[in-house]
Amino acid sequence: MASIRSIGTAEQPRWQVLWREPKRDEHGQPLKGRYNQRSETFDEETQAHVRKQAIEDALDIGIDPKAARERAARTLSSYAADYFDSLPGTGIDGETVDKYRRIYDLYIKAALGTKPVAAIRVSDVKLLRSELAETTSARTGRKLSTATIKHALRLLRAILSTCVEDEVIQTNPAALRFSAATINRQREHLDSRTYTKLTVEQIAAAADYIANDQVQTVTNEKTGKTRTRRSPANPVYGLAILFSAYTGMRREELQGLEIRDLTLPHIPGTTGHVQVQRKKITEHRYQSEPLKSEKAYRTIPLDAWLADDLRAYLADFHQDATNPTAPVFPGRLPRAEGKALGRKVSDPADMFDWTEPIDETHVYKRYWLPALKALGLPHSRWHDHRHTFATYAIQSGENIRDVSRWLGHSKISTTLDIYASVLANEDNAKAAPTSRPVPRARNDAGSNVVQLGRKAQ
């Protein structure tokens with residue numbers, strides 16, 4: 001067991017923790033009756049008592065307290081080196097290990113590399129996340145992508161997980177839920193970037209641009225030379241954007257949409273509906289997950305024209321329309337995989353992966369943003385399609401309870417709070433303004449108002 005003794009002077013008191021550790025042979029086994037005397041000195045008595053308790057706990061389970069403290073004092077970079085050295089032979093190829101090393105050197109080492117692992121706190125990880133969100137890539141000249149930040153934080157979590165497994169630290173400070181939305185909101189605030197809710201006509205124009213071949217003339221600012229650039233047509237993703245804007249579905253719900261969720265009558269010109277039953281998110285592969293609340297499981301009506309377009313798309317274009325669990329809108333094959341399969345990588349229609357759902361991030365960056373830029377439309381997020389759907393429905397006279405149900409809000413008050421300005425009137429004016437009031441003519445003779453006089457002195 002450990003003990004504490006007071007040392008030093010009355011002016012500068014200090015406390016020393018003393019304990020004995022068993023000597024061990026070359027195999028690490030304790031030698032009976034043989035011990036090493038250990039001690040540690042502290043400036044505060046409270047620290048000494050805390051350390052004494054930790055030492056006794058370690059001795060009770062056969063851990064060498066001094067060795068445990070030395071392991072906790074090792075820096076993150078030393079554990080990172082051990083982690084990278086342990087990866088070969090686990091199914092991870094050397095190229096991937098080198099990629100992990102580069103990510104660590106670029107995004108983690110400067111901030112946390114010299115810190116002892118026991119000194120790393122959750123606040124340090126959050127600060128690193130914020131700093132990465134504001135970092136500009138030397139290669140691209142743009143802010144780091146959320147995917148890059150996610151890779152860096154996952155790597156940090158994996159390194160610290162080995163420290164938890166070795167009982168160097170109790171919990172993993174990097175075991176945080178990563179939110180790309182948090183990073184994006186922070187950047188929007190720092191950049192003072194505003195996002196615009198487009199009109200249905202503007203969204204239709206962008207969808208039409210994506211769905212048809214476009215030829216652009218590009219001028220090199222330095223040389224003054226011009227060249228034409230062709231944007232291949234992608235009617236599937238053009239339809240996906242229209243579908244998103246006219247159903248108000250969240251992106252994870254759109255990714256989780258399957259053929260069996262659509263109800264499309266055979267008679268042209270009639271309405272249909274879509275059931276929202278699941279969402280799909282991806283880490284290394286897409287996985288179905290339950291929706292966020294009971295009200296999120298819902299049925300959304302489809303206008304007749306949209307039902308007609310979907311029916312034609314499934315009949316004439318979709319490669320797996322008879323499979324009820326196939327995704328409604330397909331993903332895209334990686335370029336290397338497409339080449340290996342003999343696909344024409346320059347043709348979007350030949351690069352669809354009909355077994356995987358649409359990747360909203362890819363469509364947003366590769367199609368949506370370029371279309372907005374080419375048409376001179378304001379910057380707009382994919383999620384703003386949901387706001388366009390709600391605003392247009394309310395302004396068209398739909399009951400707010402129906403709109404709330406179609407959006408999947410858990411309470412109608414949520415819809416009212418978000419779209420209060422739309423309900424009131426977007427130009428901040430009353431829907432039925434009043435006229436100037438006209439005062440009633442005074443009738444002194446018949447007045448029943450008695451004038452109060454001053455009290456006589």
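This is a predicted model, so every value here is computed, not measured.
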Report yes if the distance between the aromatic ring centroids of Phe329 and Phe243 is under 6.0 Å, otherwise no.
-> yes
As an exercise, state the distance from [atom1] of [X] to [atom2] of [Y], rounded to the nearest 0.5 Å.
X	Y	atom1	atom2	value
Thr171	Arg121	OG1	CZ	8.5 Å
Ser145	Leu132	OG	CG	10.5 Å
Arg278	Gln287	CZ	CD	14.5 Å
Ile358	Tyr237	CD1	OH	5.5 Å

Quick test of your reading of the model: are [X] and [Y] salt-bridged, counting only N-O distances below 4.0 Å?
X	Y	answer
Arg101	Asp85	yes
Arg311	Asp308	yes
Lys280	Glu258	yes

Between Tyr313 and Phe317, what is the ring plane arrangement, given parallel below 30°, perpendicular above 60°, and tilted in between?
-> parallel
Show your reasoning for whether salt bridge (charged side-chain N to carboxylate O under 4.0 Å, His left out) applies to Asp402 and Arg405.
-> CA-CA 5 Å; Asp402 290 332; Arg405 176 164 49 84; 2.7 Å; yes
Residues which pass side-chain contact (heavy atoms from CB on, under 4.5 Å) with Ala326, listed by chain and number, not counting sequence neighbours | Ile259, His318, Asp320, Asn323
With Pro348, which residues qualify under side-chain contact (heavy atoms from CB on, under 4.5 Å), at least two apart?
-> Pro232, Asn234, Tyr367
Just one of His273, Gln275, His409, Glu253 clears the side-chain hydrogen bond (donor to acceptor under 3.5 Å, both in side chains) bar with Arg298, so which one?
-> Glu253
Quick check: do [X] and [Y] have side-chain heavy atoms less than 4.5 Å from each other?
X	Y	result
Ser404	Thr414	no
Leu155	Tyr83	yes
Leu314	Leu264	yes

Write down the atom of Asp261, the atom of Gly256, and the distance for their closest heavy-atom approach.
-> OD2-O, 4.1 Å
Shortest non-hydrogen contact between Val117 and Leu76, atoms and distance | CG1-CA, 3.9 Å
